[in-house]
Amino acid sequence: MNKRLNHYVGRIVRLNKIAFQEIKDRAMRQGVALENSFLVAEVNRRLKKIICYGASFRIEVSLSDVVLV
């Protein structure tokens with residue numbers, strides 16, 4: 001699993017519709033426009049999650065919520 005997660009670091013990913021809609025709603029409340037494109041910055045191995053950045057947002061999502069671009 002660790003090798004699989006490390007494969008995503010430094011890559012651009014998109015979120016699935018449900019995960020993106022939640023992030024998009026939060027961004028709209030803050031008055032920020034957000035695209036469904038995020039840079040994977042690091043891996044939280046303990047929780048098996050990836051940490052992504054997009055616009056001014058830092059999000060932590062499961063591997064099942066993302067797709068490589």
Worksheet item: Got a sec: does the CG of Leu47 have more than 12 other heavy atoms crowding it under 6.0 Å?
Response: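 Yes.
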Item to complete: Name all residues meeting the side chain to side chain donor-acceptor pair (under 3.5 Å) criterion together with Gln21; count only those two or more places apart in sequence or in a different chain, and write none if there are none.
Response: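 Gln21: side chain to side chain donor-acceptor pair (under 3.5 Å) contacts with Asp25.
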Item to complete: Not counting sequence neighbours, which residues clear side chain to side chain donor-acceptor pair (under 3.5 Å) with Asn44? List them please.
Response: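 Expected list: none.
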Practice prompt. For the pair Glu22 and Arg26, evaluate side chain to side chain contact (heavy atoms under 4.5 Å, CB included) and give the outcome as yes or no after the intermediate values.
Written response: CA-CA 6 Å; Glu22 292 173 10; Arg26 185 174 67 172; over 6 Å; no
Worksheet item: In the single-linkage hydrophobic clustering (I, L, V, M, F, W, Y; side-chain heavy atoms under 4.5 Å), do Ile12 and Ile51 co-cluster?
Response: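 Different clusters: Ile12 never reaches Ile51 through Ile, Leu, Val, Met, Phe, Trp or Tyr contacts under 4.5 Å.
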Taking only distance into account, with no hydrogens and no angle test, what donor-acceptor pairs under 3.5 Å do side-chain atoms of residues 53-69 form with protein atoms, sequence neighbours excluded?
from  : atom 1 : to    : atom 2 : distance (Å)
Ser62 : OG     : Ser64 : N      : 3.4
Ser62 : OG     : Ser64 : OG     : 3.2
Asp65 : OD1    : Asn16 : ND2    : 3.3

Fill in: Side-chain heavy atoms of Met28 within contact of Lys24, under 4.5 Å
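Heavy-atom side-chain distance check passes, below 4.5 Å.
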Kindly list each side-chain donor-acceptor pair under 3.5 angstrom involving residues 33-41, sequence neighbours excluded, with atom names and distances?
from  : atom 1 : to    : atom 2 : distance (Å)
Asn36 : OD1    : Leu15 : N      : 2.8
Asn36 : ND2    : Leu15 : O      : 3.0

Worksheet item: In Å and rounded to the nearest 0.5 Å, what is the SG to CD distance from Cys52 to Glu42?
Response: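 One gets 10.0 Å once the value is rounded to the nearest 0.5 Å.
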